[in-house]
2 protein chains.
Amino acid sequence: MSVSSRLTHDQSRNGTGARNGHLPDEIAQDLSAKIASGALSVGDRLPSERDLCTQYAVSRAVVREALSQLKSDGLVAARAGSGVYVTQRDPTTSFRFQNFSVSDLGRLEEAMELLVTIEVAATRIAAKRRTPEDLKKIKRALIGMEYAIASDRLGDEEDYQFHQAIVEATHNPHFISLCQHLEASARNIIRQARSNTKTNHADLMDAVQDEHKAIYKALEDGDEEAAAEAASRHLYNASKRIRIYLA
Amino acid sequence: MSVSSRLTHDQSRNGTGARNGHLPDEIAQDLSAKIASGALSVGDRLPSERDLCTQYAVSRAVVREALSQLKSDGLVAARAGSGVYVTQRDPTTSFRFQNFSVSDLGRLEEAMELLVTIEVAATRIAAKRRTPEDLKKIKRALIGMEYAIASDRLGDEEDYQFHQAIVEATHNPHFISLCQHLEASARNIIRQARSNTKTNHADLMDAVQDEHKAIYKALEDGDEEAAAEAASRHLYNASKRIRIYLA
DNA sequence: GTTGTTGACTGGTAAGACCATTTCATGCCA
DNA sequence: TGGCATGAAATGGTCTTACCAGTCAACAAC
């Protein structure tokens with residue numbers, strides 16, 4: 001009720017220039033409030049789009065955009081020819097790689113377990129699916145890393161690019177997106193760890209680079225098993241190195 | 001480029017009744033992939049809505065709905081009179097299992113690839129780490145599922161609880177949190193798929209239950225390999241079943 | 001009672017038209 | 001030359017109308 005009175009007669013015509021933000025947003029908010037409040041419960045059918053148009057005194061395009069928001073939030077589902085229905089609750093909307101304190105080795109273990117699992121799987125897929133262009137990009141990152149080491153830099157940026165390039169070679173956007181999130185979080189930890197130590201551990205970098213080369217070779221050969229194995233070894237060692245940084 | 005050629009002139013007009021799921025979803029997916037891949041970077045301006053219309057050969061309503069999804073995902077922001085811009089999404093903050101259109105089998109494939117990877121890994125870990133209490137909870141879910149089938153219910157809630165209990169047996173909060181998110185998204189898709197079909201496919205449930213039992217046995221035995229194998233087979237079949245729903 | 005058909009209704013999409021704002025090149029003025 | 005008004009073009013936001021294909025229930029025929 002308050003809704004319709006709030007939205008009808010809208011402001012678009014009252015020359016004063018009243019500020020109203022995005023009609024679709026308001027409607028989406030209102031509908032989602034009705035759902036949350038229980039006025040519309042699971043399985044219920046919403047009024048038809050055309051009915052909502054008259055209720056809110058807006059065009060169908062606006063209503064559709066509002067509904068589209070609710071759909072992408074998973075609050076409702078539309079069935080062509082039938083109607084729009086309220087779907088089940090529980091918005092586990094997003095996943096966050098939880099911040100864990102660098103000093104807690106147990107937590108580090110848990111985080112690495114997930115990281116290793118996914119990156120190893122991604123590397124295996126990449127070995128099967130990588131294109132020549134992918135290989136070129138990976139090699140570029142590899143050489144960049146080489147150069148960084150020779151320049152006495154830490155090369156963590158290049159390291160990141162190497163892993164990133166491999167994941168992109170899976171050509172699976174879900175893997176890419178998830179690994180971006182994971183690696184970005186991991187990098188935070190590494191940075192934290194490195195800032196806690198003075199020495200450069202440059203000697204470790206050679207080991208890192210060898211492991212990278214092994215991964216690259218497996219990818220080049222398209223050998224899934226070898227790629228997975230190399231990635232697994234690399235990440236296992238990486239977590240050991242992180243512990244050294246933390247020591 | 002490949003994009004436009006993939007989507008232009010699409011199947012909507014070829015009377016054969018080709019299945020093409022939700023144009024807006026496809027376009028949103030494509031644009032968000034371009035952003036993730038770096039083809040469009042932060043601050044860049046997207047082509048105008050009218051340009052996108054011609055590029056994708058769809059109406060403006062479709063383009064606007066696609067953009068509205070990206071907006072609510074925080075990937076882009078629109079400025080009236082100016083254009084739509086890529087916002088500073090920091091992949092650090094969160095990961096979202098992106099909505100993929102239920103009828104686009106290619107996308108489904110990609111999503112399942114990630115889902116299978118993670119759940120199989122989780123099951124393997126659970127086989128190694130499950131406590132007697134974990135087993136009890138898993139068995140309870142298994143029996144609940146049995147009961148649901150006998151009651152001619154779909155039992156998708158029980159199904160979810162079964163998987164949930166397994167993942168919890170990893171005792172790794174990151175796995176638990178990620179799988180919760182993934183499975184919640186997957187359930188939405190399954191619900192959508194089922195809402196698009198009339199038949200109940202109750203016969204399939206027996207197969208599901210057999211696969212569940214195999215997983216449980218492996219977990220009970222603490223046999224990591226068998227658990228991973230059983231989970232892999234189950235999820236592979238699950239994705240086949242989803243395709244049946246979509247058919 | 002069962003079956004088959006019909007027709008109203010629904011979401012999905014298309015196309016064209018305004019509006020208010022932003023943007024930028026133009027040209028005027030100091 | 002430099003700064004400032006100006007106006008046309010482009011853009012997102014909204015509205016309108018229209019058609020399509022799917023759904024679903026009432027109704028007619030058997």
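Hydrogens, waters and symmetry mates play no part in the numbers below; they use all other heavy atoms, side chains included. Residue numbers start from 1 in every chain, and the chains themselves are labelled A, B, ... in the order their sequence lines are given, proteins ahead of strands.
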Rounded to whole angstrom units, what separation is found between the [atom1] atom of [X] and the [atom2] atom of [N]?
X: E49(B); N: dA10(D); atom1: CD; atom2: C1'; result: 12 Å
X: R64(A); N: dA15(C); atom1: CZ; atom2: C1'; result: 15 Å
X: D25(B); N: dG12(C); atom1: CG; atom2: C1'; result: 12 Å
X: I27(A); N: dG13(D); atom1: CD1; atom2: P; result: 15 Å
X: R60(B); N: dC18(C); atom1: CZ; atom2: C1'; result: 11 Å
X: L52(B); N: dG13(D); atom1: CG; atom2: P; result: 13 Å
X: L46(B); N: dG12(D); atom1: CG; atom2: C1'; result: 13 Å
X: K71(A); N: dT10(C); atom1: NZ; atom2: C1'; result: 12 Å

Answer yes when [X] and [Y] have at least one side-chain N-carboxylate O distance shorter than 4.0 Å, and no when they do not.
X: E229(B); Y: R233(B); value: yes
X: R129(A); Y: E113(B); value: yes
X: K71(A); Y: E65(A); value: no

Hey, is the side chain of [X] poking within less than 4.0 Å of OP1 or OP2 on [N], counting only N and O atoms?
X: S82(B); N: dT22(C); result: no
X: R79(A); N: dG22(D); result: no
X: S48(A); N: dT10(C); result: yes

Touch class at under 4.0 angstrom, heavy-atom based, for A78(B) against every strand present: sugar-phosphate
Pair Q209(B)-E146(B), side-chain donor/acceptor within less than 3.5 Å: yes
Earlier contact from the 5' end, DNA chain D, for V62(A) and Y85(A): V62(A)
Q29(A) atom CD, over 12 foreign heavy atoms within 6.0 Å: no
L67(A) or R50(B), whichever maps to the more 5' nucleotide of DNA chain C: L67(A)
